[in-house]
Amino acid sequence: MLDRRYLKNNKEDVSTRLKTRGEIPNLEDFWALEQKYGELLLQVEGLKARRNKVSAQVAVMKRNNEDANKLISDMQLVGEQIKALEVDLNQKEAEAQQYLLNIPNIPHASVPVGKNEFDNPEVRRWGILRAFDFPPKSHVEIGEGLGILDFERAAKISGARFCLYKRQGAQLERALINFMLDLHTRQHGYCEVLPPFMVNPQSLIATGQLPKFAEELFKMADDNYYLIPTAEVPVTNIHRDEILEEEQLPLSYVAYTPCFRREAGSYGKDTRGIIRQHQFNKVELVKFSRPEDSYTQLEILLHDAEMVLQHLEIPYRIITLCTGDLGFSAAKTYDIEAWIPSQQRYREISSCSNFEDFQARRAAIRYRPKGGKGKPVLVHTLNGSGLAVGRTVVAILENFQQADGSVIIPAALRQYMGGMEKIG
RNA sequence: GGAGAGGUGGCUGAGUGGUCGAAGGCGCUCGCCUGCUAAGCGAGUAUGGGGCCCAAAGCCCUAUCGAGGGUUCAAAUCCCUCCCUCUCCGCCA
């Protein structure tokens with residue numbers, strides 16, 4: 001959510017910067033709404049001030065056994081006026097709130113202007129693409145060949161976009177989760193948390209999935225809970241409605257969770273394999289920082305995520321999402337894309353974003369400047385995948401496949417696989 | 001699921017219609033004092049919104065005692081609904 005006052009006072013600036021996202025915001029309506037709201041608020045508060053004052057007088061008179069009936073009947077009228085105005089006021093307030101909740105974040109000045117994913121500039125590449133002396137197979141072929149990925153039975157159990165991992169496949173997934181958690185906690189200083197996988201609507205509003213993207217979420221039919229689409233939701237909400245101490249910042253959390261997404265609107269995309277699933281595992285990094293540090297923290301976050309791929313010896317590249325490709329809540333996003341040999345292209349395996357105070361404002365996450373003096377200030381929130389586990393399995397199977405259909409296990413992972421060096 | 005108890009400021013804890021944004025204690029901040037530490041003394045110490053102001057400081061108004069509604073001139077206090085926590089029973093990994 002954007003700052004209401006900033007939005008009110010900088011219509012032109014906000015409007016031009018939002019347009020780079022491809023949004024055409026109608027700020028005039030909002031402005032008119034705010035104007036009306038302000039007037040009503042002034043009226044209502046004026047009347048309340050009067051009533052409070054008179055009520056105090058009534059109290060005094062009653063104590064002195066004086067007759068206060070005149071004042072009381074006057075205030076009855078004032079009470080009715082207040083009630084009538086408040087109906088209008090509350091409606092304006094709700095409208096303004098709805099409006100604000102549906103406006104995306106403003107891109108950071110360093111974000112390249114562009115229309116869509118084809119305008120995302122590459123930042124850097126890492127690793128050497130392996131030269132295959134045989135046609136590389138897709139992870140589906142490899143996984144089914146080895147009997148470690150079973151899509152048919154998953155479809156029977158659940159449906160499309162699910163996968164049953166078996167034997168070394170299941171073990172590999174588990175090994176990766178542990179490897180990533182250990183790396184981030186032991187070497188990068190993150191605090192490990194294991195949050196709930198179901199959350200209430202408030203949490204989803206705070207991080208920006210609601211109200212706008214309800215169709216992407218799995219919702220419980222009989223309870224007011226949603227399955228999390230990412231650990232970002234429960235972990236960012238750890239500090240919802242809290243005032244942190246400046247000394248605590250930056251706070252860094254790492255969490256493993258499964259993620260659940262309806263993938264509405266992506267019919268036909270990545271239908272085969274485990275690239276795009278309704279349920280997938282992810283190790284997520286979340287940071288809370290002072291505003292002045294958040295872009296430094298974004299670089300650190302990106303580095304921490306990259307290190308996973310470097311340890312696993314998987315080639316990747318970093319891109320900056322352009323204004324037109326930026327997610328709703330993000331001010332700036334780097335994607336890490338791993339090399340997928342069967343597709344001869346890089347595919348997203350991590351997304352690292354700075355949300356600035358966009359989520360913090362929705363979630364009321366603030367910190368008190370040092371010394372206990374001064375007003376609480378909104379923190380900046382950041383998060384990034386570190387990494388998407390299923391897609392890491394894809395990258396390993398494909399990049400480390402052998403001509404005979406077997407797969408070498410990256411050295412860094414072997415201690416997590418009971419010393420196993422090869423699958424198949 | 002059944003029965004009961006309870007949700008008040010950073011914490012603890014009082015408050016059953018007006019003098020309560022809220023006693024007391026703890027903590028914290030600043031100042032004083034003490035050779036150091038401890039103790040002691042004094043002052044201050046919630047958050048959102050709005051207004052005055054170029055801005056800051058400050059002042060004023062308003063809201064907030066789990067959430068939302070209601071009664072009343074007036075609600076932490078009375079009524080209704082919901083949420084959460086705790087205890088016991090049942091069930092269960």
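Just so it is clear: chains get the letters A, B, ... in the order the sequence lines come, proteins before strands, and each one is counted from 1.
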Interatomic distance where NZ belongs to A/K48 and P belongs to B/G51 [whole Å]: 16 Å
Rounded distance in Å between the C1' positions of B/A67 and B/A76: 15 Å
Separation of atom CD in A/Q81 from atom C1' in B/C73, rounded to whole Å: 14 Å
Can you tell me how far C1' of B/U47 sits from CZ of A/R366, to the nearest Å? 6 Å
Looking for any heavy atom pair under 4.0 Å, which part of the strands does A/R50 touch: base, sugar-phosphate only, or nothing? nothing
Indicate, with a heavy-atom threshold strictly under 4.0 Å, whether A/L71 touches base, sugar-phosphate, or nothing. nothing
Checking contacts here: which listed nucleotide (B/U62, B/G18, B/G50) is nearest the side-chain heavy atoms of A/L42? B/G50
Would you confirm whether the ring centroid of A/H380 sits within less than 6.0 angstrom of the ring centroid of A/F288? no
Could you check whether any side-chain N or O of A/S266 sits under 3.5 Å from a backbone N or O of A/K269, counting only pairs where one atom can act as donor and the other as acceptor? no
May I ask you to decide if A/V377's main-chain N or O and A/R368's side chain share a donor-acceptor pair within less than 3.5 Å? no
Please measure how far the P atom in B/G25 lies from the corresponding atom in B/A14, and state the result in whole Å. 15 Å
Both atom distances under 3.5 Å, Watson-Crick or G-U wobble: I'd like the secondary structure of RNA chain B as a dot-bracket string, with | for pairs made across strands. ((((((((.[[[..)..(.....]]]((((((.......))))))(((((((.....))))))).[[[[[..)....]]]]])))))))....
For B/C11 versus B/C80, give the span between their C1' atoms, rounded off to a whole number of Å. 33 Å
Between B/A3 and B/C82, how far apart are the two P atoms, rounded to whole Å? 14 Å
For A/K62 and B/A74, what is the distance between atoms NZ and P respectively, to the nearest whole Å? 12 Å
Would you mind classifying the nucleic acid contact of A/V54 as base, sugar-phosphate or nothing, using non-hydrogen atoms under 4.0 angstrom? nothing
Find the distance A/Y367:OH to B/A46:P and express it as a whole number of Å. 20 Å
Which part of the nucleic acid does A/N52 contact within heavy-atom distance under 4.0 Å: base, sugar-phosphate only, or nothing? sugar-phosphate
Can you confirm whether the side chains of A/Q171 and A/R167 place a donor and an acceptor under 3.5 Å from each other? no
With a 4.0 Å cut-off on heavy atoms, is A/R5 in touch with a base, just the backbone sugar-phosphate, or nothing at all? sugar-phosphate
Closest listed nucleotide, where the reference is the side chain of A/Q76 and the choices are B/C73, B/G51, B/U19: B/C73
Nearest to the side chain of A/K83 - B/U71, B/A74, B/U47? B/U71
B/U45 to B/A38 separation - P atoms, rounded to the nearest Å: 25 Å
Say you pick atom P in B/G68 and the same atom in B/A63; how far apart are they, in whole Å? 14 Å
Nearest of B/C84, B/C73, B/U47 to any side-chain atom of A/Y225? B/C84
Taking atom types as modelled and ignoring hydrogens, do the side chains of A/Y367 and A/Q248 form a donor-acceptor contact shorter than 3.5 angstrom? no
Using a 6.0 Å cut-off, check whether atom OH of A/Y225 has over 12 heavy atoms from anything other than its own residue. no
What distance, rounded to whole Å, do you find between the two P atoms, one in B/U19 and one in B/A74? 14 Å
First encountered from the 5' end of RNA chain B, between A/Y37 and A/V60: A/V60
Are there over 12 heavy-atom neighbours, none belonging to A/E12, within less than 6.0 Å of that residue's CD? no
Comparing nearest nucleotides in RNA chain B, the 5'-proximal residue of the pair A/L41, A/I72 is A/L41
Quick check: any donor-acceptor pair below 3.5 Å linking the side-chain of A/E45 to the base of B/G49? yes
Taking the same atom, C1', in B/G15 and in B/G51, what whole-Å distance lies between them? 33 Å
Taken to the nearest whole Å, CG/A/N64 to P/B/U19 is 14 Å
To the nearest Å, how far apart are A/L378 CG and B/G48 C1'? 12 Å
With a cut-off of less than 4.0 Å, is there a side-chain N or O of A/R51 near OP1 or OP2 of B/A74? yes
Before giving the answer on salt bridge (charged side-chain N to carboxylate O under 4.0 Å, His left out), spell out for A/D182 and A/R186 the whole-Å C-alpha distance, their side-chain angles and the decisive distance to 0.1 Å. CA-CA 6 Å; A/D182 284 349; A/R186 291 174 192 170; 3.6 Å; yes
Give the rounded distance in Å between these two atoms: CG of A/L89 and C1' of B/G49. 11 Å
Which nucleotide in the set B/G18, B/U47, B/G48 lies at the smallest distance from any side-chain heavy atom of A/S55? B/G18
What contact category does A/K70 fall into here, base, sugar-phosphate, or nothing, at under 4.0 angstrom with non-hydrogen atoms? nothing
In a table with atom names and distances, give each donor-acceptor pair under 3.5 Å that connects a side chain of residues 145-160 of chain A to protein atoms at least two apart or in another chain.
from, atom 1, to, atom 2, distance (Å)
A/D150, OD1, A/E152, N, 3.3
A/D150, OD1, A/R153, N, 2.9
A/D150, OD2, A/R153, NH1, 2.8
A/D150, OD2, A/K166, NZ, 3.1

Donor-acceptor pairs are to be reported for all side-chain atoms of residues 349-365 of chain A against protein atoms at under 3.5 Å, with residues two or more places apart or in another chain.
from, atom 1, to, atom 2, distance (Å)
A/S350, OG, A/S385, O, 2.6
A/S351, OG, A/D335, OD1, 2.7
A/S353, OG, A/T333, OG1, 2.8
A/N354, OD1, A/E356, N, 2.8
A/N354, ND2, A/S294, OG, 2.9
A/E356, OE2, A/Y295, OH, 2.5
A/D357, OD1, A/R361, NH1, 3.3
A/D357, OD2, A/R361, NH2, 3.0
A/Q359, OE1, A/T381, OG1, 2.8
A/Q359, NE2, A/T207, O, 3.0
A/Q359, NE2, A/E232, OE2, 2.8
A/R361, NH1, A/M1, O, 2.6
A/R362, NH1, A/I205, O, 2.6
A/R362, NH1, A/L210, O, 3.3
A/R362, NH2, A/L101, O, 2.5

